[in-house]
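Computed over heavy atoms, backbone and side chain alike; hydrogens, waters and symmetry mates excluded.
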Amino acid sequence: MNDTKQLPDRRSAHDRGGAATTAPPRARARERRRPTSSQWAAWAFLAPVTLYLALFYAYPLYRNLDLSLRDYTVRSFVDGDAPFTGLANYQKVLDDPTFAPALLHTVVFTAVCLVFQYAIGLALAVFFNQHFRLSTTLRALFLVPWLLPLIVSASTWSWMFNSDSGIVNTALHAVGIGPVNWLTSPDWSLPSVIIANIWIGVPFNLVVLYSGLQSVPGTLYEAAALDGANAWQRFWRITFPLLRPVSAITLLLGLVYTLKVFDIIWIMTKGGPADSSTTFATWSYQLGFGNLLPAFGPGAAVGNLLVVAALVFGLVYVRVQRKQALS
């Protein structure tokens with residue numbers, strides 16, 4: 001009799017167990033939908049970065065785009081009631097006689113600086129890769145231009161290029177060459193700021209390319225030397241090809257930085273004389289803040305052209321890197 005009483009209990013327990021086995025999948029599904037502690041921690045670490053990008057990148061880009069699409073004056077900039085003008089500011093920039101010279105100066109300034117910064121930085125990286133005595137000390141000294149504030153570097157170059165008391169003209173006079181109006185001549189103002197920017201940018205190329213050289217196996221050079229390859233052949237067939245990924249990111253970062261160079265040009269020449277050293281960066285500032293009646297809309301439009309140019313080159317770099325990875 002006790003057994004007959006126990007059987008229903010077992011069956012009911014089995015039924016309850018069956019129900020328990022069917023219920024957990026839904027419960028597990030609900031548990032999977034709930035964020036775990038590790039996911040909450042990940043979101044907590046991600047939140048400051050997201051907030052920083054939104055406040056200091058996304059919002060300024062949005063405001064700059066809004067400025068370029070409206071007719072802002074000083075009063076409307078404060079009140080916030082500027083009328084919408086569409087692409088009128090961009091058309092005004094394209095029709096401005098300063099556009100063509102500024103575009104040419106921007107291209108020349110960026111291209112020449114990139115070529116010389118990369119070439120000199122690569123030569124110095126290969127030179128310091130020989131690991132001779134005092135190489136570490138000399139390499140540290142080459143970082144000084146990169147560590148100095150730009151206002152200090154630009155002011156120093158302004159003094160060196162001074163037509164009357166500059167050390168450059170003094171050196172030229174010592175070898176029998178007449179003085180050159182480096183900063184006040186339309187023919188020499190752009191080369192002057194290019195020289196200064198090359199000097200400032202070489203250390204960055206040196207550091208990045210030297211780091212890339214450390215990943216090149218020394219056995220490759222030994223094998224090439226045993227095969228009779230000279231120094232130039234070892235560089236051209238081993239060093240340069242293996243540095244292509246590092247060179248690509250170096251040139252991309254240098255391009256983005258050089259496109260937006262403002263401090264050096266403004267401190268040394270202010271884009272003059274007669275707009276002979278004006279680039280998009282200095283022109284944008286001059287339109288927005290350099291006049292008694294600022295043109296906020298056209299200034300923002302010029303700045304957006306720089307943003308688009310940097311974005312295009314960035315996308316080209318990503319596409320090239322993707323093709324290389326697939327191949």
Side-chain angles (χ1 to χ4, degrees), residues 97-98 101-124 127-128 134 137-207 254 257-292 294 299 302:
T98 309
L103 176 62
L104 177 62
H105 298 157
T106 302
V107 172
V108 171
F109 179 83
T110 303
V112 175
C113 287
L114 279 182
V115 170
F116 279 93
Q117 286 175 353
Y118 177 79
I120 298 173
L122 180 59
L124 290 174
F127 173 72
F128 286 117
L134 298 179
T137 304
L138 291 176
R139 194 167 69 249
L141 291 176
F142 269 97
L143 294 179
V144 172
W146 195 28
L147 300 176
L148 288 175
L150 288 178
I151 188 171
V152 175
S153 300
S155 300
T156 302
W157 278 101
S158 296
W159 169 75
M160 292 173 62
F161 280 137
N162 187 277
S163 302
D164 300 324
S165 58
I167 190 173
V168 176
N169 276 348
T170 301
L172 293 177
H173 179 73
V175 296
I177 301 177
V180 177
N181 297 320
W182 294 98
L183 303 179
T184 57
S185 170
D187 297 328
W188 288 102
S189 59
L190 186 60
S192 300
V193 295
I194 288 176
I195 292 172
N197 191 64
I198 290 173
W199 179 79
I200 293 172
V202 164
F204 171 77
N205 288 260
L206 167 62
V207 170
Y257 169 80
T258 309
L259 277 174
K260 63 183 183 63
V261 167
F262 164 78
D263 317 65
I264 301 166
I265 302 175
W266 191 258
I267 293 173
M268 293 181 65
T269 64
K270 288 185 170 57
D275 295 332
S276 59
S277 59
T278 296
T279 62
F280 275 177
T282 59
W283 189 30
S284 176
Y285 177 84
Q286 204 166 22
L287 287 172
F289 304 99
N291 300 314
L292 293 177
V302 176

How long is the span from the [atom1] atom in [X] to the [atom2] atom in [Y], to the nearest 0.5 Å?
X	Y	atom1	atom2	value
Ile198	Ile264	CD1	CD1	10.5 Å
Ile195	Leu190	CD1	CG	10.0 Å
Met268	Thr156	CE	OG1	10.0 Å
Trp146	Ile200	CH2	CD1	13.0 Å
Trp283	His105	CH2	NE2	12.0 Å

Could you verify whether a donor N or O on one side chain and an acceptor N or O on the other, from Ser277 and Thr269, lie under 3.5 Å apart?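 Yes, Thr269 and Ser277 have a side-chain donor paired with an acceptor closer than 3.5 Å.
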
Indicate the atoms forming the closest heavy-atom contact of Asn205 with Gly201, along with that distance.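 Nearest heavy atoms, Asn205 then Gly201: ND2-O, 2.9 Å.
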
Minimum-distance pair of heavy atoms, taken over all atoms of Leu259 and Ala281: O-CB, 4.2 Å

Neighbour count above 12 (heavy atom, 6.0 Å) for [X] [atom1]:
X	atom1	result
Leu172	CG	yes
Trp266	CH2	yes
Leu138	CG	yes

Do Phe142 and Phe128 have ring centroids that are under 6.0 Å from one another?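 Yes, the ring centres sit under 6.0 Å apart.
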
Any chance you could lay out the side-chain contact (heavy atoms from CB on, under 4.5 Å) test for Val180 and Ser185, step after step, and finish with the verdict? CA-CA 8 Å; Val180 177; Ser185 170; over 6 Å; no

Angle class for the Phe289/Tyr285 ring planes (parallel below 30°, perpendicular above 60°, tilted otherwise)? tilted

Checking Val193 against Ser189 for the side-chain contact (heavy atoms from CB on, under 4.5 Å) test, could you report, in this order, the C-alpha distance in whole Å, the side-chain angles of both residues, the deciding distance, and whether it holds? CA-CA 7 Å; Val193 295; Ser189 59; over 6 Å; no

So, using side chain to side chain donor-acceptor pair (under 3.5 Å) as the criterion, who are the partners of Trp182 when residues are at least two apart? Asn169

